[in-house]
Amino acid sequence: MSEGFDVDLFVIGGGSGGVRAARIAAGHGAKVMLAEEYRVGGTCVIRGCVPKKLMVYAGRFTDEFADAAGFGWHIEPPRFDWAALKASRDAEVARLEGIYGRNLAGSGVEVVPERAVIEDPHTVRLTGSGRRVRAKFILIAVGARPIHEPLIPGAELAIDSNGVFELETQPERILVVGGGYIAVEFAGVFAGLGTKTTLLHRGQTLLRGFDPEIAGALGEAYAERMDLRLGRTVERLERAGSAIRATLNDGEQLDVDCVLVATGRRPNVEGLGLERVGIALDDRGAIPVEADSRTSVPSIYAVGDVTGRAALTPIAIREGHAFADTVFGNKPWCVDHRLIATAVFSTPEIGVIGHNEDVARRCYGEIDVYKASFRPMKATLSGRNERVIMKVIVERASDRVVGVHVMGPDAGEIIQAVGIAVTMGATKADFDRTIAVHPTLGEELVTMRTPFVVKHPVGVG
């Protein structure tokens, strides 16, 4: 340990990025202390990806039960028990939290269950005990928090995504406000579990920034599963007996049992003490960092959602690992944010890597777009009105695949495997010479031969 410091590294935040950085740094011989005021595991493990995905699984059983009849199964009317799901989900979260804690302890990291604030470039103060700790390096890994915006009268009657995991009973009617990942995923969950669900979004399509064709197809699928209201906003919320009454911008009123506001997240920097060390936030409220995660203060770094680079758990983990290797392991490297595979666990599911069609056309000029839209084999017997959509986007000059978009069952699993090829720089010829696995959904990605004819000039999005 460096002379004059209590620790080599002080990590503020016990989420995925902070935990990975702490463990890797300790493995390189650093003395590490980590402060987490809530629960070790962060958003993903405690109140995000993991418990939400478990709820997604639960919601999809409704389709499975209905589909089984087409395959000869006779199932008694199924009954869902919200309390049983909540208990099982919470137990699994607690199990994972324990694993995170044991892994930190096993790595030699000292975990302090207090809030930490920055006092100077090398000092943090633990607000519970008042203890001050001197550190050669400080890593900020505090993530982001849900926001209720725009603020409207009665906003306090709504819950955010954290509040979903605290619901003791299943709402019979819910209004979900938002059009991004979190909104569409939770809307799909509640609709699948039998809650009368209204999804309301101010935009004309869901999932801003995604390929418009994929986003539009999800909107069509959701319009069959729930009450989808696009181009609408909520003006106010108020109590109406035991219900919550939402007044929309066109004057319509909806009475529901729960309102979930999922309109975005903001870096969790309030009260952190950044102003004391001269770290200014960017226009999104995030901490600006260099490629190696260094802030404007040489001894202070930041990783994960608090930086606003890419709000995804695997990115935070990679950034934390790269930081620790670079600063403590004499193995400098940076995370490449250009190609990130991601999934939306809506129902139907979406998996994406690379550019959408419009962006690819702007970036590369001449492109070829290969499309497939078909009914999955399972639906031929189940009778479900379901479509799979796949798009492969190719830079014409190099034949390199620059985008793959999938909507349908197991899209997340498919895109994880495809992401390896795209990250390695695979060409369309590489896809074409790959032998198909038949019969599967994924085989369509290697059997599409004829580009879709673009009906507007190149360069016009």
Side-chain angles (χ1 to χ4, degrees), residues 49-89 92 170 172 174 184-197 199 206 213-228 343-352 370-392 404-418 434-448:
C49 321
V50 171
K52 179 178 61 182
K53 183 70 179 292
L54 294 173
M55 295 182 74
V56 168
Y57 284 134
R60 289 179 179 172
F61 276 104
T62 300
D63 288 352
E64 296 294 332
F65 292 137
D67 291 349
F71 292 85
W73 287 90
H74 300 280
I75 300 176
E76 295 296 324
R79 182 180 64 86
F80 173 66
D81 186 334
W82 176 275
L85 171 62
K86 185 178 187 303
S88 298
R89 183 200 67 207
E92 174 61 10
Q170 179 183 0
E172 293 185 9
I174 190 169
V184 301
E185 288 175 341
F186 275 123
V189 166
F190 281 105
L193 294 176
T195 294
K196 182 180 179 183
T197 303
L199 175 58
L206 301 172
E213 193 167 357
I214 297 291
L218 180 68
E220 293 175 4
Y222 264 32
E224 295 184 3
R225 289 179 171 269
M226 65 192 71
D227 179 15
L228 178 63
V344 182
F345 295 107
S346 48
T347 302
E349 195 165 295
I350 294 172
V352 175
Y370 298 82
K371 300 182 183 181
S373 177
F374 57 95
R375 193 180 189 191
M377 178 181 286
K378 185 178 179 182
T380 61
L381 294 190
S382 71
R384 181 171 301 281
N385 181 22
E386 185 176 12
R387 302 294 295 177
V388 174
I389 297 176
M390 295 185 176
K391 297 181 71 171
V392 177
V404 177
H405 306 261
V406 180
M407 187 188 83
D410 299 317
E413 303 292 343
I414 293 170
I415 211 67
Q416 177 65 88
V418 172
T434 300
I435 297 174
V437 178
H438 180 74
T440 65
L441 298 178
E443 70 177 296
E444 293 292 332
L445 292 172
V446 300
T447 58
M448 292 185 277

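Position 1 is the first residue of the sequence, and the numbers go up from there.
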What class does the angle between the rings of F186 and F190 fall in, given that below 30° is parallel, 30 to 60° is tilted and above 60° is perpendicular?
->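 F186 vs F190 ring planes: tilted.
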
If you define the side chain from C-beta out and look only at heavy atoms, does anything of [X] sit under 4.5 Å from [Y]?
X    : Y    : result
W82  : L193 : yes
H405 : E213 : no
L228 : L206 : yes
I350 : V184 : no

Is the count of non-hydrogen atoms from other residues, nucleotides or ligands lying under 6.0 Å from [X] atom [atom1] greater than 12?
X    : atom1 : answer
I75  : CD1   : yes
E413 : CD    : no
E92  : CD    : yes
F374 : CZ    : yes
Q416 : CD    : no

To the nearest 0.5 Å, what is the distance between [atom1] ([X]) and [atom2] ([Y])?
X    : Y    : atom1 : atom2 : value
I174 : D227 : CD1   : CG    : 13.0 Å
T434 : L445 : OG1   : CG    : 10.0 Å
D63  : E386 : CG    : CD    : 7.5 Å
M407 : S373 : CE    : OG    : 8.0 Å
R89  : K53  : CZ    : NZ    : 15.5 Å
Y370 : M448 : OH    : CE    : 9.5 Å

May I ask you to decide whether E220 forms a salt bridge with R387, counting only side-chain N to carboxylate O separations under 4.0 Å?
->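 No.
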
Looking only at non-hydrogen atoms, find the nearest pair between [X] and [Y] and report the distance.
X    : Y    : value
A411 : G351 : CB-N, 3.5 Å
R225 : A191 : O-CB, 4.0 Å
S346 : Y222 : CB-OH, 3.2 Å
I414 : M390 : CD1-CE, 4.4 Å
P409 : L441 : O-CD1, 3.4 Å
E444 : A372 : OE1-CB, 4.0 Å

With sequence neighbours excluded, residues passing side-chain hydrogen bond (donor to acceptor under 3.5 Å, both in side chains) with [X]:
X    : value
K196 : none
T197 : none
D67  : R384
H74  : none

Which pairs count as salt bridge (charged side-chain N to carboxylate O under 4.0 Å, His left out) when at least one residue sits in residues 70-79, sequence neighbours excluded?
->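 Applying salt bridge (charged side-chain N to carboxylate O under 4.0 Å, His left out) to every pair that reaches into residues 70-79, excluding sequence neighbours, yields nothing.
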
Show your reasoning for whether side chain to side chain contact (heavy atoms under 4.5 Å, CB included) applies to L85 and F80.
-> CA-CA 9 Å; L85 171 62; F80 173 66; 3.7 Å; yes

Go through the structure and list residues passing side chain to side chain contact (heavy atoms under 4.5 Å, CB included) with A436, not counting sequence neighbours.
->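 Partners of A436 by the side chain to side chain contact (heavy atoms under 4.5 Å, CB included) criterion, ordered by chain and then number, come out as E443, V446, T447.
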
S382 side chain to G70 backbone, donor-acceptor under 3.5 Å |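 Not confirmed, S382 side chain does not pair with G70 backbone.
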
